[in-house]
**Student:** 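Quick one: the structure is below, and I'll ask about it shortly.
Chain identifiers are assigned alphabetically (A, B, ...) following the order of the sequence lines, protein sequences preceding nucleic acid strands; residue numbering begins at 1 within each chain.
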There are 2 protein chains.
Amino acid sequence: MSRALHSFPTLFCAEACDPHELRELRQLGTSVVFPSGKTIFSEDERADSVFGLSDGVARLYKTLADGRRQVVAFPLPGDFLGMPFADRHRFSADAVGETALYRFLRSELMHFVQSSPNIMRRLMEFAAHELDMAQHQLMLLGNGSAEEKVATFLVNWRDRLAHLTNVLQPVPLPMRRQDIADFLGLQLETISRTLAKLEQKNVIRLTPKGVLLNGLDHMSLATGRTAAEV
Amino acid sequence: MSRALHSFPTLFCAEACDPHELRELRQLGTSVVFPSGKTIFSEDERADSVFGLSDGVARLYKTLADGRRQVVAFPLPGDFLGMPFADRHRFSADAVGETALYRFLRSELMHFVQSSPNIMRRLMEFAAHELDMAQHQLMLLGNGSAEEKVATFLVNWRDRLAHLTNVLQPVPLPMRRQDIADFLGLQLETISRTLAKLEQKNVIRLTPKGVLLNGLDHMSLATGRTAAEV
DNA sequence: CGGCTACTTGACATCTATCAACCGGGGTGG
DNA sequence: CCACCCCGGTTGATAGATGTCAAGTAGCCG
């Protein structure tokens, strides 16, 4: 991996975590690297190990018997891959590009979590945040046109990345069209067409592995107008 | 209210909760009743009070600026209305039919929760379960046809009710078509038509305020066939 | 009994899925 | 080093599902 593995495993502890506890947590985990596309764990599998993402991007998804797939999230460095409470994984996870993770034995991690009300509370807040994200996603899946869905996805993605580093132009888009489609409940052709339409409107510009966002922010999403139209 | 308020506030404590702790929790809350349609709290409002549902049905929803609505859940007795950690409500809630709730001061409830690792853990598991529900819902919203969505909704609803009492025939359906539509990301006309179609297939039978489920179970949903077709 | 609200049904428009062809870049093997 | 192939992506034509607009029905409450 060319990138430095600088992302400390903040995990659900975020910044407000006690340095001592953070050190303890780090000692509990072992660093592992997954190549692009590799499955980290699968739905319904026993969750003996649980993972926190330290570098790269993952995709979490559920699969239906007939092969249809729903991507439920694209975790970024610092995110935990699911809740460490259940004894089985509730979704599958794999690496989008090369990723670095911290692996924990679930039993050890649980013991650690329960040893400190502070950590426990952090985990609660993480869970509440995840729930909130899922409910936002419900809103998007239930109400949006393809264009709204794609535009909102791009903005959210940019903002999440910006939260980690400086705003990058172009915004990298490491996942495939199919992943975005399965995230937004659309077909990959629709993703492609919608991106093309947004590009024609001069709202975005597609680049090899990313996208430039011109007139796309929360305000324009809220009003349904793009800066290019104003 | 004609029904007895027999539903004890199990809340996130469920059955495994220590009787002493349960008594303490009950003392913390005050019983309140909301008439049909009344708003319990609204999105973004300060969450000074938080609620557990003891009788009736609620609807939780997010609203977009242009009025579009996404129902994120239909809580049943024993369910908590959201996570008590955030200082603001992340969605609105109102009563579907007359409901009875336990109201807590958030600060007091939080203090209570943090006083006991056992309770804390219960709350965690509740949160994890809520997240799981939301992700199942994502799957449904992203992948299903209208017929799949409605059929799955009916089965899930029946199963949730069955978990509380005996299976009822007909299964009561206290929410409006519009609520179901906003839950499933469809239009109310589509709900109406889809229900009619399922009735013609002899899979369901509509009754004044409920529905009889004939050949509808998890197996038939998985295979895409209904018992009536076999 | 009247009027309101929820619900149903119909006709039509539109969006997205589907099927299919094609393009382009990166990697592999000759 | 070049050619080929494979995979991801784009674009086009078409059909079908659902949204939209509109009218009409049924049940409930005053």
Side-chain angles (χ1 to χ4, degrees), chain A residues 2 35-37 59 64 66-71 94 96-98 140-151 153-154 170 172-200 204-211 224, chain B residues 2 35-38 57 59 64 66-71 94 96-98 140-151 153-154 170 172-200 204-211 224:
Chain A
S2 56
S36 182
R59 81 184 143 242
L64 238 42
D66 59 7
R68 285 177 297 177
R69 194 179 67 149
Q70 178 67 41
V71 172
D94 39 47
V96 173
E98 199 173 35
L140 193 60
L141 287 192
N143 289 305
S145 65
E147 192 171 324
E148 273 179 276
K149 288 180 181 177
V150 171
F153 167 72
L154 292 176
L173 224 50
M175 69 290 285
R176 303 179 193 154
R177 300 286 186 259
Q178 183 67 61
D179 296 329
I180 302 178
D182 290 345
F183 186 59
L184 297 177
L186 298 169
Q187 296 301 118
L188 84 170
E189 294 96 326
T190 303
I191 301 296
S192 200
R193 273 188 253 273
T194 306
L195 287 172
K197 201 193 297 179
L198 290 173
E199 189 165 29
Q200 281 182 346
I204 67 172
R205 170 140 230 157
L206 293 174
T207 70
K209 287 188 170 307
V211 61
Chain B
S2 56
S36 182
K38 179 98 177 198
V57 179
R59 84 185 139 241
L64 238 41
D66 59 7
R68 284 177 297 177
R69 193 179 67 150
Q70 178 67 42
V71 172
D94 39 47
V96 173
E98 199 172 34
L140 194 59
L141 286 192
N143 289 304
S145 65
E147 193 171 324
E148 272 179 278
K149 289 179 181 177
V150 171
F153 167 73
L154 292 176
L173 223 50
M175 70 291 284
R176 301 180 193 153
R177 299 287 186 260
Q178 183 67 61
D179 296 329
I180 301 177
D182 290 345
F183 185 59
L184 297 177
L186 297 169
Q187 296 302 116
L188 85 170
E189 294 96 325
T190 302
I191 301 295
S192 201
R193 274 188 253 271
T194 306
L195 287 171
K197 200 193 297 179
L198 289 173
E199 188 164 30
Q200 281 181 346
I204 67 171
R205 169 141 228 157
L206 293 173
T207 70
K209 288 189 170 310
V211 61

**Student:** Between C:dT16, D:dC21, C:dA20, spot the one nearest the side chain of A:Glu189, thanks.
**Tutor:**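 Shortest atom-to-atom distance from the side chain points to C:dA20.
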**Student:** To the nearest angstrom, how far is B:Leu195 atom CG from D:dT18 atom P?
**Tutor:**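 My rounded result for the distance is 13 Å.
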**Student:** Hey, does the side-chain of A:Arg193 have a donor or acceptor N/O within less than 3.5 Å of a partner on the base of D:dG9?
**Tutor:**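 Checked by distance alone, the answer is no.
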**Student:** Are B:Arg69 and B:Asp179 close enough that some pair of their side-chain heavy atoms sits under 4.5 Å apart?
**Tutor:** yes
**Student:** Taking the side chain as C-beta and beyond, is there a heavy-atom pair between B:Gln70 and B:Leu141 under 4.5 Å?
**Tutor:**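 Of all side-chain heavy-atom pairs linking B:Leu141 with B:Gln70, at least one is under 4.5 Å.
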**Student:** For the residue pair A:Leu173 and A:Met175, establish whether any side-chain heavy-atom pair is separated by less than 4.5 Å.
**Tutor:** yes
**Student:** Can you tell me how far P of D:dA17 sits from CD of B:Glu147, to the nearest Å?
**Tutor:**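 Checked: the CD to P distance equals 10 Å.
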**Student:** How many angstroms lie between atom CD of A:Glu148 and atom CG of A:Leu184, to the nearest 0.5 angstrom?
**Tutor:** 11.5 Å
**Student:** Using a heavy-atom cut-off of under 4.0 Å over every strand shown, decide if A:Ile191 touches base, sugar-phosphate, or nothing.
**Tutor:**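 Nothing: the residue A:Ile191, judged by heavy atoms under 4.0 Å, touches no strand.
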**Student:** Within the structure, does a side-chain N or O atom of A:Ser192 lie under 4.0 Å from either OP1 or OP2 of D:dG9?
**Tutor:** no
**Student:** Could you tell me whether the phosphate oxygens of D:dT18, OP1 or OP2, come under 4.0 Å of any side-chain nitrogen or oxygen in B:Thr190?
**Tutor:** no
**Student:** Base, sugar-phosphate, or nothing for B:Gly185, non-hydrogen atoms under 4.0 angstrom?
**Tutor:** sugar-phosphate
**Student:** Report the distance from atom CG of A:Leu206 to atom C1' of C:dG24, rounded to the nearest whole Å.
**Tutor:**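 Distance check: A:Leu206 CG to C:dG24 C1' gives 15 Å.
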**Student:** Rounding to a whole Å, what distance do you find between B:Leu173:CG and C:dA6:P?
**Tutor:**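 Atom-to-atom, B:Leu173 to C:dA6, this comes out as 15 Å.
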**Student:** Please report, rounded to the nearest Å, how far the C1' atom of C:dA6 is from the CE atom of B:Met175.
**Tutor:** 15 Å
**Student:** Please report the distance, rounded to the nearest Å, between CG in A:Asp179 and C1' in D:dG8.
**Tutor:** 11 Å
**Student:** Hey, does the side chain of B:Arg176 come within less than 4.0 Å of C:dC7's phosphate (OP1/OP2), counting only N and O?
**Tutor:** no
**Student:** Within the modelled atom types, does a donor on one side and an acceptor on the other bring the side chain of A:Gln187 and the base of C:dC19 under 3.5 Å apart?
**Tutor:**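 Check fails, no donor-acceptor contact within cut-off.
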**Student:** Both B:Arg177 and A:Leu186 contact DNA chain C. Taking the nearest nucleotide for each, which residue is further toward the 5' end?
**Tutor:**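 Taking each residue's closest nucleotide, the earlier one in sequence belongs to B:Arg177.
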**Student:** To the nearest Å, how far apart are B:Gln178 CD and C:dT5 P?
**Tutor:**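 Spelled out: CD on B:Gln178 to P on C:dT5 is 14 Å.
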**Student:** Can you check the A:Lys197 NZ to D:dT10 P distance for me, whole Å?
**Tutor:**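 One finds 15 Å between P of D:dT10 and NZ of A:Lys197, rounded.
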**Student:** Any side-chain heavy atom of A:Leu195 within less than 4.5 Å of one from A:Leu154?
**Tutor:**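 A:Leu195 reaches A:Leu154 side chain to side chain.
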